[in-house]
Number of protein chains: 4
Amino acid sequence: MQVTKTARKPGRALTPEERQTKTQQLLDAALDVFLERGFEAARLDEVAKRAGVAKGTLYLYFASKEALFEDLIRSLIASPIQEVGQRMLAQDIPAEMMLRGLLNWAKKEVLGTRRKDIARLIISEAGRFPELGAFYHREVISRGTAVIRAIVTRGVERGEFTSDALDRFPQLLIAPVLVGIIWNGLFSHVETLDTDGLLDVHADLIIRGLKGGAA
Amino acid sequence: MQVTKTARKPGRALTPEERQTKTQQLLDAALDVFLERGFEAARLDEVAKRAGVAKGTLYLYFASKEALFEDLIRSLIASPIQEVGQRMLAQDIPAEMMLRGLLNWAKKEVLGTRRKDIARLIISEAGRFPELGAFYHREVISRGTAVIRAIVTRGVERGEFTSDALDRFPQLLIAPVLVGIIWNGLFSHVETLDTDGLLDVHADLIIRGLKGGAA
Amino acid sequence: MQVTKTARKPGRALTPEERQTKTQQLLDAALDVFLERGFEAARLDEVAKRAGVAKGTLYLYFASKEALFEDLIRSLIASPIQEVGQRMLAQDIPAEMMLRGLLNWAKKEVLGTRRKDIARLIISEAGRFPELGAFYHREVISRGTAVIRAIVTRGVERGEFTSDALDRFPQLLIAPVLVGIIWNGLFSHVETLDTDGLLDVHADLIIRGLKGGAA
Amino acid sequence: MQVTKTARKPGRALTPEERQTKTQQLLDAALDVFLERGFEAARLDEVAKRAGVAKGTLYLYFASKEALFEDLIRSLIASPIQEVGQRMLAQDIPAEMMLRGLLNWAKKEVLGTRRKDIARLIISEAGRFPELGAFYHREVISRGTAVIRAIVTRGVERGEFTSDALDRFPQLLIAPVLVGIIWNGLFSHVETLDTDGLLDVHADLIIRGLKGGAA
DNA sequence: GATGAATGAGCATTCATTCAT
DNA sequence: AATGAATGAATGCTCATTCAT
C-alpha cells in the first residue's frame with residue numbers, strides 16, 4: 001500500500017531540491033498516463049498511484065488537471081533544436097550536410113526517444129489547449145523553421161541549391177518526421193514503417209530536388 | 001450547427017430516405033462536436049442540441065457514444081482515392097502529371113473539405129480506437145499507397161523517373177498533406193500556412209528529386 | 001416486423017368482443033413479462049412486442065404501466081375459492097373430507113396452474129401496491145378464511161374435531177400452500193419440493209391434530 | 001432513517017472499526033430503502049441521504065447497487081438457527097419442547113426483529129438474484145431443515161412422536177412463520193394477524209398431530 | 001384505431017477537487 | 001507536508017409516455 005519509493009516524510013518543510021524531485025516524479029507519472037489515455041481519459045487517481053503519492057498530494061504541486069497537463073507539456077518542450085541548428089551552422093560544411101545532420105538528429109533525438117510521444121500528445125490535444133499550441137509554436141516550431149531557413153539560405157547563397165523551396169516552406173523538411181510519428185502511433189500494429197529509411201530516402205530526394213537542374 | 005428543424009414528426013414510419021437524412025443530420029452534428037472537443041470530452045447533449053433533437057433520439061440511431069463515433073468515421077471514410085488513382089492511370093499522361101494530379105486532388109478534396117477534419121479526428125483518437133486505425137489503414141492508407149506506387153513504377157518504367165524513392169516510401173508524397181492538416185488544426189491562429197502553396201512547391205521539389213540527375 | 005397474429009385493422013371501430021380479445025392478449029403478454037421481471041424491471045416494449053402490437057397501442061387499453069399491472073392482477077384474481085367452499089359445504093361429507101378437498105383443490109387449481117405464479121407476483125409486489133393488497137385480501141383471503149372457518153365450525157359441532165385451532169387461525173391450513181409457491185419460486189433449482197406430498201402430509205398431520213385426544 | 005451524522009471527516013485514514021461502523025450505517029439505510037421500494041425502484045440517492053452521506057460515498061464502500069444489495073443480504077443472513085438447534089438438542093428435554101423452543105425462537109428472533117424483513121426482501125427479489133436464492137438456501141434453509149429433522153428423528157426414536165411427517169417435510173414446521181411474515185407485509189393495514197398466537201396454536205396443533213393416535 | 005418516432009425526466013456511476021487530521 | 005475519505009456536479013443511457021400521421 002505504502003509505496004516506499006521516496007522515503008515518506010509526513011514531517012516538515014521540503015528543500016527546493018526535494019520539491020523539484022517530487023514534481024518531476026509526478027510529471028513522469030503524468031506523462032505515462034496522458035500518453036496512454038489522452039487528456040480527458042487520463043485519471044488523476046492513476047497518476048497519483050504511479051507516482052506513489054496520494055491523490056490529494058497532486059494538488060500541492062499542481063492547481064488542477066489542466067495545469068498539470070500544461071506544466072507537463074511545457075516541461076517537455078525544452079527545445080534543443082536551435083542548439084543543433086547553431087552547431088550545424090557553425091561548422092564549415094555543405095548545406096546539404098547540414099540538412100542531413102538535422103534529419104539524422106530527428107531520427108535519433110525525436111523518433112528515437114519519448115519526444116515523438118510528446119509530439120503525438122500535442123498533436124492530439126493541442127486543439128483544446130490553444131495556448132499550448134501557441135507555446136509549442138513559439139518554442140519549437142518557429143525555431144525549427146528559422147534554422148532550416150538559415151541553412152537553405154546559405155545553401156542558395158553558396159550556389160549549392162538552385163531551389164528556395166525550403167525557404168518558403170521549411171515544413172517540407174520535417175513533414176516526413178511527422179508522418180513517422182503519426183504512422184507508428186496509429187498503424188504500427190498493422191504495418192510498420194521504417195522511419196529511419198523513410199528519412200534517409202527523404203533526405204536524398206529533397207537534396208536532389210533542391211540541387212536539381214531544370215524542373 | 002445549422003439546425004434545419006425538419007418538421008418534428010413523432011408519428012408515422014420513416015421512409016428509408018427520411019431515416020437516411022436524419023442519420024446524416026446527427027452525424028453532421030456529431031462531427032462538429034467531436035472535432036471541437038475530442039471523443040471523451042464530447043457531450044451527447046451537445047450533439048443532440050445541435051442536431052435539434054432530444055438526447056434520447058440519438059439512441060434510436062446509434063447504440064452508444066462509441067458506436068456514434070465509429071459510424072461517423074466510417075461514413076466519412078468512403079475513400080474516393082482509388083477512383084482518382086484509376087482515373088489518373090487510365091489517362092495517357094506523364095507520371096509527373098499523375099502525381100501532380102493527385103496532389104491537386106488532395107488540395108481540393110481533402111484540405112478543401114471536411115475530409116481534413118476527419119483525418120485530424122482520426123489522428124487524435126485512433127490511438128484509443130485501434131480498430132478504427134486498422135479500418136482507416138485498410139480503406140484509405142493502403143489504397144493511397146498502392147496508387148502512388150503504381151504511378152511511380154510506371155514513371156520509372158517509362159524512363160521519366162530515375163528514383164524509386166516513392167515506391168519504397170509512398171508516404172513521402174502525402175507527408176505535406178498531413179503537415180497541412182495538422183498545422184491548420186494547431187497553429188492557424190498563430191501563423192497561417194498556405195497549404196496550396198505548400199503542396200505546389202512540394203510537387204515541384206519532389207518531381208525534381210525523382211527526375212534529378214546525380215544525387 | 002408486422003406480426004400478423006390478429007388481422008391488423010388500421011381501419012374503424014372495434015366491436016366490444018374485439019376490444020375484449022385484444023385486451024386479453026395484452027394482459028397475457030403482460031403477465032408473462034411481469035412474472036419474469038417483476039413490476040419495475042418489466043419493460044412495456046417487451047409487453048407490446050409479445051402481444052404483437054406497437055407500444056403506443058398499450059395506452060389505448062391501459063392508462064399507465066401501473067394501471068396495466070393493477071388491471072392484470074384484478075383480472076387474475078377471479079376467486080373460485082368461495083365456489084369450491086360452497087360445493088364442499090353443500091355435500092354431506094365429513095369435515096375432514098372437506099378440508100382434504102380444499103387442499104386437493106389447491107394442489108390442482110393453484111399449485112398446478114398459473115395461479116401460483118400470480119400469487120408469487122402479488123407477494124413480491126403488493127408491498128408497493130397497498131390497494132392491491134387490500135383487494136386481494138377482500139377477494140381471496142377473506143373468502144378463503146371464511147370457508148375454512150365454516151368447515152371447521154361444522155366439524156367441531158358434529159364432534160369430528162376437538163380443536164378449534166383452524167377457526168382461530170385458518171391461515172394454518174394454507175400456510176404450506178404458500179411455502180410450496182415460494183419454495184418453487186426460489187429454490188427449485190437447488191432442491192425441488194414435492195408440493196403434492198407436502199400437502200398430503202400436511203393434511204394428515206393437521207387432521208390428526210384437530211381430532212387428536214389430549215395434547 | 002435516523003441520521004446520526006457521525007461528524008463528517010474528510011480527513012485521515014479510517015480505523016477498521018470506523019469503517020465497519022460506516023458500512024453498517026450504509027447497510028441500515030439500504031435495508032430501509034430496499035424494503036420500501038424493492039431492488040429496482042430503490043434509489044441510491046435515497047440510501048445516501050438516509051445514511052447522511054453523499055451519493056459518491058456509497059461507492060467507496062460498495063461497487064454497485066447490486067453489490068450493495070447482495071452485501072446487505074449476506075450481512076443479514078448470519079444464521080443463528082443452527083446454534084439454537086444445537087442448544088435445543090444438547091438439552092435433555094422432550095422433542096416436543098425442542099420444537100416449541102424453535103418456534104418460540106422464531107417468534108422472538110425472526111418475527112420480532114428485522115430478520116422478518118430480510119426474509120420478505122428475499123422472497124420478493126430472489127427470483128431475479130438466483131445466486132442469492134442459492135445462498136439463502138445453503139445458509140439458512142438447509143440448516144433449519146437439518147435441525148428440525150434431527151429433533152423429529154429423536155422424538156420418534158424416543159417414542160414421543162408416532163409420525164415422521166416433519167422428517168419428510170420439515171417445511172411444515174416453519175410454514176406459519178412464512179405466513180406471518182408475508183401477512184404482515186401485505187395485509188397488516190387491513191387485518192392484523194397475531195403471529196404469536198398463530199405460532200402457539202400451530203405448535204399445539206402440530207404436536208398433537210405428531211403424537212396423535214390413529215388418524 | 002393503430003402506429004412508432006420522438007421526447008425528456010430520471011438514475012447509476014465516475015472523478016476532479018477539497019479539507020480535517 | 002501529506003493524506004485519503006468525502007463530496008457532488010456532471011454524463012451516458014433508459015424507458016414510460018405522447019401525439020402527428
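The structure displayed is predicted, hence computed values, not measured ones. A, B, ... follow the sequence lines: proteins, then strands. Residue 1 opens every chain.
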Taking atom P of F:dA2 as reference, at what distance in whole Å does atom CG of A:L26 sit? 9 Å
side-chain contact (heavy atoms from CB on, under 4.5 Å) partners for A:A67, two or more places apart: A:A63, A:S64
B:E17 backbone acceptor or donor facing B:T21 side chain under 3.5 Å: yes
Taking DNA chain F as the partner, which of residues 55-68 of chain A come within under 4.0 angstrom of it by heavy atom? A:G56, A:T57, A:L60, A:Y61
Give every residue pair that meets the salt bridge (Lys or Arg N to Asp or Glu O under 4.0 Å) criterion with at least one member in residues 53-66 of chain A, sequence neighbours excluded. A:D45-A:K55
Sorted by number, residues from residues 27-38 of chain C placing a heavy atom under 4.0 Å from DNA chain E are none
Taking only residues two or more places apart in sequence, or in another chain, which ones meet B:L76 in a side-chain contact (heavy atoms from CB on, under 4.5 Å)? B:L31, B:L72, B:I118
So does C:R19 get a side-chain nitrogen or oxygen closer than 4.0 Å to the phosphate oxygens (OP1/OP2) of E:dG1? yes
Using OP1 and OP2 only, check whether a side-chain N or O of C:R43 sits under 4.0 Å from F:dA16. yes
The side chain of D:L44 is closest to which nucleotide in this list: F:dT7, E:dT3, E:dA12? E:dA12
Taking side-chain hydrogen bond (donor to acceptor under 3.5 Å, both in side chains) as the cut-off, I'd like each qualifying pair that reaches into residues 119-136 of chain A, sequence neighbours left out, listed once. A:E125-A:R128
Symbol by symbol from the 5' end, with Watson-Crick or G-U pairs under 3.5 Å, [ ] crossing and | another strand, DNA chain E is .||||||||||||||||||||
If you compare every side-chain N and O of C:K22 against the phosphate oxygens of E:dA2 (OP1, OP2), does one of them come in below 4.0 Å? yes
With sequence neighbours left out, write down each residue that passes salt bridge (Lys or Arg N to Asp or Glu O under 4.0 Å) with C:D32, or none if nothing qualifies. C:R114
Measure from CG on B:D45 to C1' on F:dA10 and round the result to the nearest Å. 10 Å
Return each pair, listed once, that meets ring-ring contact (aromatic ring centres under 6.0 Å, His included) where at least one residue sits in residues 22-65 of chain B; pairs must be two or more places apart or across chains. B:F34-B:F39, B:F34-B:F69, B:F39-B:F69, B:F39-B:F129
Applying side-chain hydrogen bond (donor to acceptor under 3.5 Å, both in side chains), name anything that partners D:Q20, two or more places apart in sequence or on another chain. none
Applying salt bridge (Lys or Arg N to Asp or Glu O under 4.0 Å) to C:R19 and not counting sequence neighbours gives none
Over all strands shown, is D:A42 touching base, sugar-phosphate only, or nothing at heavy-atom distances under 4.0 angstrom? sugar-phosphate
Do B:D117 and B:L121 make a side-chain contact, defined as non-hydrogen atoms from C-beta onward lying under 4.5 Å apart? no
How long is the line joining CD of D:E40 and P of E:dC11, in whole Å? 12 Å
With sequence neighbours left out, the residues meeting side-chain hydrogen bond (donor to acceptor under 3.5 Å, both in side chains) with D:R43 are none
What integer distance in Å separates D:E18:CD from F:dA6:C1'? 14 Å
